[in-house]
Colleague: 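One structure follows; several queries about it will come next.
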Amino acid sequence: DDIHDRRTEIHDINKATRALLAEIRGKEFTDNICAALRYRLQEYLADRRKCFEVIKERTENYWSAVQY
């Protein structure tokens, strides 16, 4: 279930990232707006990376999903 949830989350992040990139493509922004957009994209990528780490951990050791 955990792997399925992370894959769904990755899909949602990808969708949000593509929508944001499509919205900003070809437009000019101030430096502050660019910094805010860059920060948001970095957050998306960090969240996505965490999901991939969970999937890898669960794949290598399914017992890692068990809380002790």
Side-chain angles (χ1 to χ4, degrees):
D1 287 343
D2 209 15
I3 291 173
H4 178 268
D5 293 345
R6 294 301 81 73
R7 285 183 177 155
T8 301
E9 189 174 344
I10 289 168
H11 176 71
D12 293 342
I13 292 169
N14 288 343
K15 201 161 49 169
T17 301
R18 282 192 304 273
L20 180 58
L21 289 173
E23 192 72 29
I24 64 176
R25 191 167 282 127
K27 296 184 176 116
E28 292 187 29
F29 298 98
T30 64
D31 290 342
N32 288 335
I33 298 297
C34 285
L37 291 169
R38 194 174 311 112
Y39 177 77
R40 185 63 190 131
L41 288 170
Q42 289 171 343
E43 282 184 326
Y44 281 148
L45 293 176
D47 292 345
R48 193 171 176 269
R49 190 171 21 259
K50 288 176 192 172
C51 290
F52 279 114
E53 289 171 4
V54 169
I55 290 171
K56 182 178 184 225
E57 183 179 344
R58 298 301 184 263
T59 302
E60 291 174 352
N61 178 11
Y62 60 89
W63 287 108
S64 65
V66 177
Q67 300 295 324
Y68 296 101

Colleague: With a 3.5 Å cut-off and sequence neighbours excluded, list the donor-acceptor pairs that the side chains of residues 35-43 form with protein atoms.
Modeller:
residue, atom, partner, partner atom, Å
Tyr39, OH, Glu43, OE2, 3.2
Arg40, NH1, Glu43, OE1, 2.6

Colleague: Which atom pair, heavy atoms only, marks the closest approach of Ile13 to Tyr44?
Modeller: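 Result for this residue pair: CG2-O, 3.5 Å.
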
Colleague: Restricting to pairs with a member in residues 12-21, which pass side chain to side chain donor-acceptor pair (under 3.5 Å), not counting sequence neighbours?
Modeller: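 Qualifying pairs, neighbours excluded: Asn14-Arg48.
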
Colleague: Mind jotting down which residue pairs meet the side chain to side chain donor-acceptor pair (under 3.5 Å) criterion with at least one end in residues 22-36? Sequence neighbours excluded, please.
Modeller: none

Colleague: Using the test side-chain hydrogen bond (donor to acceptor under 3.5 Å, both in side chains), find all partners of Arg7 that sit at least two apart in sequence or belong to another chain.
Modeller: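 In terms of side-chain hydrogen bond (donor to acceptor under 3.5 Å, both in side chains), with neighbours along the sequence ignored, Arg7 is linked to no residue.
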
Colleague: Check for me, please, whether Leu45 and Ile10 land in the same ILVMFWY cluster - side-chain distances under 4.5 Å, paths through other members count.
Modeller: no

Colleague: What is the minimum heavy-atom distance between Glu9 and Cys51, and which atoms define it?
Modeller: CD-SG, 3.4 Å

Colleague: With Glu53, which residues qualify under salt bridge (Lys or Arg N to Asp or Glu O under 4.0 Å), at least two apart?
Modeller: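 So Glu53 forms no salt bridge (Lys or Arg N to Asp or Glu O under 4.0 Å) with any residue.
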
Colleague: Report the residues that fulfil salt bridge (Lys or Arg N to Asp or Glu O under 4.0 Å) with Lys56, sequence neighbours left out, ordered by chain and then residue number.
Modeller: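 Partners of Lys56 by the salt bridge (Lys or Arg N to Asp or Glu O under 4.0 Å) criterion, ordered by chain and then number, come out as Glu60.
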
